[in-house]
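Inspection log for the structure reproduced underneath, given as structure tokens.
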Amino acid sequence: MLRSHLTRLLEQAASGLQKDGRWPEGALPAFSVEISDDPSHGHLAANWPLVLARTLKRPPKQVAAELMAAVQVDPWFDHIEVAGAGFLNAFLAPQACAAAIEAVEAAGADYGKETAGSGERILVEFVSANPTGPLNVVSARAAAYGDALASLLTAAGHQVWREFYVNDAGTQVEALGKTVYYWLVKDQQAAVPFPEDGYKGDYVREIAQAFLAERGEQALFGLDQGAAISMLSQFAVDLIGRWRERDLLAYGVRFDRYFSEQQDLRAAGRVEAALAELERQGVLYSQDGARFMRTTAFGDDKDRVVVRKDNTPTYFAADVAYHWDKYSRGFDRLIDVLGPDHHGYLGRMRAAVAATGKPAESFEVVLVQWIRLLRQGELVAMSKREGDFVPIADFLKEVGVDSARFTFLLRSPDSPLDFDLALAVSESQENPVYYVQYAHARIASLLRQGAAAGSGDLLLLTEPEELLLARRLLSFPEELTHAAAARAPHHIAHYAMTLAQEFHAFYNRHRVLGVPEPLSLARRRLARAVGSVLKESLALLGVSAPDRM
RNA sequence: GCGCCUAUAGCUCAGUGGAUAGAGCACUGGCCUCCGGAGCCAGGAGCGCAGGUUCGAGUCCUGCUAGGCGCGCCA
């Protein structure tokens, strides 16, 4: 909205020069408009003369002068000057401030958003941790990221579906069932040794106790060990699923669907169907008694087993079926948010997508790096199997939802993150999220005082700090679009920090109340607009914007 | 050995090929008889190493070093 405004203005000038025959016809190279960080460089800086110099075979400064001579007067800009090696620095006028406030007032909480339905149908799969224990704090980062990404994509006009894939089939779940069985029969004649691949966390005993409470000991009567374990596995998975849903809701994450590998894929015959389709395509072959998919034909670095020697389908086979199922539900684009341990898995998944004939770009994977959890500088082990991990519920109790989400979303998903629990708790009052929330609360407090009568005169907003706020507000729509396209919610977190900072600076230097009414009203409208965009930004991140703190 | 991610201030991290590289925390010094001091202003200190592309490189390319993760008929 803001940068494109300047882009258009300059392009019109260039097009005029081309029409007059002073510049050659044809497409001109693209250029960038940036928000200046040095006030002496204006509010915006364009580098077109630098880029054009080569095309036009003239020095950048001369190109700039020619361009400037042709540029039309625009109410948003006080003036535009040539600076440095050939930058164009644009300085905003009060008109722009008025335009910013009116734009935010007109759109409200939808400011900068695309209208729903104009984009793609996108399925975002995230968290999707094995259902063998309570959600680990490690999942908290992925949950915050996936949820915020989904919100961002919605704001960018896409139809977004949040999905959690429950891997409730396979050996890990069986190992969990065995462990529950161990606890149930521990003190009986039928006692078995602790399973070799068993889960050591205390929560497994809780599951055993819950089973006794809900089903009673008699539920196991007459079952052989295998059947009992199978029943216990199912019980455990269901219970853990309920724990997780509860924890995620407390964290502000609501999935549109928990997709069960066992029920929605295997029992529904989707895995066999997918395998049959692969057979039909002739991409399977037998070797060493197993059935392989020729994923190397689609760029993978080796072929992958889809049906084991014992005739059971692999996790990969189920995942092929799962992704095909997603496409069959009409989604244009699939985004998988995975942990970094899955990157070795990408090649075969891309192959699976290629086998559907879907365009390769329609399947995206975001690898969210681990957080390394420390406690007073000591690394906290994170093994679910060893039972040594921090459940998300405990973590949130210590750190708080807003603080946790904001901390995670301030970082790029690519960046490994060290998170010191002791530090996080002791400094929770110093968390950057409070800086942003404080700005919002401050604005709310301002607006509670002194009822506004009339609309004031927005053109009275001429102070440097007011123009900086106008610039920031006007750049929000582009910020949002960019963050969505880059799959980068952390840009929004940084934007909110910057907007809050610029508001605090304004507030400290200028009075909103107690100045002549037309100016006071105008400043209140500016403050309200800032508060509105702060709240919208925080909402995209799943963070609250309190009126009082 | 191969692949992916990472390396920026004392710490945790931003930085769509642009000008003098930023923020929070920590540290130092200032700032409301008045709208919320959870704030503002000022200060010190940094792009792992070596080449290359470019008018211009923290950003792109190559090599190296260090850390994380992966390379299973586990999921």
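The figures here come from the full heavy-atom set of this structure, side chains too, leaving out hydrogens, waters and symmetry mates. Protein chains get the first letters and strands the later ones, always in sequence-line order, with residue 1 at the start of each.
Within the 4.0 angstrom heavy-atom criterion, only backbone atoms of the sugar-phosphate kind lie near Ser412(A); the bases stay farther away. Counting non-hydrogen atoms under 4.0 angstrom, Asn89(A) reaches a base of the nucleic acid. Nucleic acid contact class of Leu50(A) (heavy atoms, under 4.0 Å, all strands): base. Heavy atoms of His41(A) sit under 4.0 angstrom from at least one base atom. Counting non-hydrogen atoms under 4.0 angstrom, Ala45(A) reaches a base of the nucleic acid. Looking at heavy-atom distances under 4.0 Å, Arg523(A) makes no contact with the nucleic acid at all. Here Glu34(A) lies in heavy-atom contact (under 4.0 Å) with a base. Residue-level contact check: His510(A) touches the bases, meaning some heavy atom is under 4.0 Å from a base atom. Within 4.0 Å (heavy atoms only), Met497(A) reaches sugar-phosphate atoms of the nucleic acid but no base atom.
Ser415(A) has a side-chain polar atom (N or O) that falls below the 4.0 Å cut-off from OP1 or OP2 of rA14(B). A close approach under 4.0 Å does occur between a side-chain nitrogen or oxygen of Gln449(A) and OP1 or OP2 of rG36(B). Checking the phosphate oxygens (OP1, OP2) of rG15(B), a side-chain nitrogen or oxygen of His490(A) falls inside 4.0 Å. Residue Tyr434(A) places none of its side-chain N or O atoms closer than 4.0 Å to OP1 or OP2 of rC25(B). The side chain of Arg442(A) places an N or O atom within less than 4.0 Å of a non-bridging phosphate oxygen (OP1 or OP2) of rG37(B).
The side chain of Trp370(A) sits closest to rC69(B) out of rG18(B), rA14(B), rC69(B). The Pro340(A) side chain lies nearest to rC69(B) when the options are rC69(B), rC40(B), rG18(B). For Phe87(A), the side-chain atoms get nearest to rG18(B) when compared with the rest of rG36(B), rC35(B), rG18(B).
Classified by interplanar angle (parallel below 30°, tilted 30° to 60°, perpendicular above 60°), the ring pair Tyr285(A)/Phe292(A) is parallel.
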For nucleotides 73-75 of chain B, list the nitrogen or oxygen atoms of the protein found under 3.5 Å from its nitrogen or oxygen atoms, one pair per line.
unit_1: rC73(B); atom_1: O3'; unit_2: Arg308(A); atom_2: NE; d: 3.2
unit_1: rC73(B); atom_1: O2; unit_2: Lys309(A); atom_2: N; d: 2.8
unit_1: rC73(B); atom_1: N4; unit_2: Asp288(A); atom_2: O; d: 2.9
unit_1: rC74(B); atom_1: OP2; unit_2: Arg308(A); atom_2: NE; d: 2.8
unit_1: rC74(B); atom_1: O2'; unit_2: Thr171(A); atom_2: OG1; d: 3.0
unit_1: rA75(B); atom_1: OP1; unit_2: Arg308(A); atom_2: NH2; d: 2.5
unit_1: rA75(B); atom_1: OP2; unit_2: Arg308(A); atom_2: NH2; d: 2.7
unit_1: rA75(B); atom_1: OP2; unit_2: Tyr315(A); atom_2: N; d: 3.4
unit_1: rA75(B); atom_1: O4'; unit_2: Gln172(A); atom_2: NE2; d: 3.4
unit_1: rA75(B); atom_1: O2'; unit_2: Asn130(A); atom_2: OD1; d: 2.5
unit_1: rA75(B); atom_1: O2'; unit_2: Asn130(A); atom_2: ND2; d: 3.1

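Checked by distance alone, Arg54(A) brings no side-chain donor or acceptor within 3.5 Å of a matching partner on the base of rU54(B).
Looking at Ser532(A) and Arg528(A), their side chains never bring a donor and an acceptor atom within 3.5 Å of each other.
Comparing the P positions of rG58(B) and rG15(B) gives an interatomic distance of 16 Å, to the nearest angstrom.
Where pairing requires Watson-Crick or G-U contacts shorter than 3.5 Å, the helical stems of RNA chain B with at least three consecutive pairs are B:1-7 with B:65-71, B:10-13 with B:22-25, B:27-31 with B:39-43, B:48-52 with B:60-64.
Residues Glu163(A) and Lys326(A) are not paired through a salt bridge, judged by the lack of any N-O separation under 4.0 Å between the basic side chain and the carboxylate.
In this structure, Glu502(A) atom CD and rG24(B) atom C1' are separated by 16 Å, rounded to whole Å. Atom CG of Leu446(A) is separated from atom C1' of rG39(B) by 13 Å (rounded to the nearest Å). A straight line from CG of Asn47(A) to P of rG56(B) spans 15 Å, rounded to a whole angstrom.
Within the structure, salt bridge (Lys or Arg N to Asp or Glu O under 4.0 Å) contacts touching residues 286-301 of chain A (residues at least two apart or in different chains) are Glu279(A)-Arg291(A), Asp300(A)-Arg304(A), Asp301(A)-Arg304(A).
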